[in-house]
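Bear in mind that the values here come from a model prediction, so they are computed numbers and not experimental data.
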Amino acid sequence: MDRVGIAFVGTGSIADYHLAGLNAVSRADVAVVVGRDPAKAAAVASRHGVRGSSVDLAATLARADIRAVVVATPDDTHEAIAVA
C-alpha cells in the first residue's frame with residue numbers, strides 16, 4: 001500500500017504526542033509540520049524526523065504530496081484550518 005502524505009498543523013504541547021503516534025503508523029508519511037513560528041516548526045519537525053516545516057498553510061495544502069491534514073492547534077482555530 002502507498003504511504004499517505006500528511007501535513008501536521010500545530011507545534012504546541014500536543015504535537016509531540018500526535019507525531020509520536022503517527023511515526024508508529026507504517027503508511028503515515030508526515031511530510032511537513034506547519035506552525036506560526038518558523039524556528040519552532042523546524043524544531044518540532046526535526047525532533048520527529050519530519051523532512052519539512054512551514055509557516056505557509058495555503059502553500060502546504062496546495063502540495064501534490066499532501067493527502068491528509070492533522071489539525072493539532074487550539075480548538076478555536078480548527079474551523080478555519082479545516083475549511084482551508
Side-chain angles (χ1 to χ4, degrees):
M1 289 191 193
D2 292 338
R3 291 176 55 88
V4 176
I6 299 169
F8 188 91
V9 183
T11 59
S13 61
I14 200 67
D16 289 325
Y17 173 81
H18 286 297
L19 285 164
L22 287 167
N23 281 335
V25 177
S26 63
R27 291 191 57 214
D29 179 20
V30 180
V32 61
V33 171
V34 180
R36 293 178 295 178
D37 178 311
K40 191 169 183 182
V44 171
S46 176
R47 200 164 47 244
H48 293 280
V50 176
R51 321 179 276 292
S53 62
S54 179
V55 294
D56 190 337
L57 179 61
T60 298
L61 297 176
R63 289 174 44 164
D65 63 328
I66 301 301
R67 294 178 43 208
V69 178
V70 174
V71 180
T73 59
D75 292 346
D76 63 336
T77 66
H78 288 186
E79 180 180 9
I81 294 168
V83 169

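Here the closest non-hydrogen pair linking Gly10 and Ala15 is O-CB, 3.8 Å. Pairing each heavy atom of Val32 with each of Arg63, the nearest pair is CB-NH1, 3.8 Å. The two residues Ala45 and Gly52 come nearest to each other via the heavy atoms CB-O, 3.6 Å. Across every non-hydrogen atom of Gly35 and Ala41, the tightest pair is N-CB, 4.0 Å.
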Between Asp37 and Thr11, does a side chain to side chain contact (heavy atoms under 4.5 Å, CB included) hold up when you go through it step by step? CA-CA 9 Å; Asp37 178 311; Thr11 59; 5.9 Å; no
Going through the distances and angles, do Val33 and His48 end up as a side chain to side chain contact (heavy atoms under 4.5 Å, CB included)? CA-CA 10 Å; Val33 171; His48 293 280; over 6 Å; no
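Linking Ile, Leu, Val, Met, Phe, Trp and Tyr whenever their side-chain heavy atoms come within less than 4.5 Å leaves Ile66 and Val4 in two separate clusters. Val9 and Val55 fall into different hydrophobic clusters, where Ile, Leu, Val, Met, Phe, Trp and Tyr side chains are chained together by heavy-atom contacts under 4.5 Å. Tracing side-chain contacts under 4.5 Å through hydrophobic residues (I, L, V, M, F, W, Y), one reaches Leu61 starting from Val71; they form part of the same cluster. In this structure, Leu57 is a member of the same hydrophobic cluster as Val69, with clusters built from ILVMFWY side-chain heavy atoms closer than 4.5 Å. Under a hydrophobic clustering in which Ile, Leu, Val, Met, Phe, Trp and Tyr are joined whenever their side-chain heavy atoms come within less than 4.5 Å, directly or via other members, Val44 and Val34 fall into different clusters.
The closest donor-acceptor contact from the side chain of Ser46 to the backbone of Ala42 lies at 3.5 Å or more, if one exists at all. Asp29 places no side-chain N or O within 3.5 Å of a backbone atom of Ala31 that could act as its donor or acceptor partner.
To the nearest 0.5 Å, atom CZ of residue Arg67 and atom CG of residue Asp2 are 6.5 Å apart. A distance of 5.0 Å separates CD1 of Ile6 from CG of Leu22, quoted to the nearest 0.5 Å.
Counting non-hydrogen atoms of neighbouring residues, nucleotides and ligands closer than 6.0 angstrom, the CZ atom of Arg36 reaches no more than 12 such neighbours.
A salt bridge is absent between Arg3 and Asp65; no separation between the charged side-chain nitrogens and carboxylate oxygens falls under 4.0 Å.
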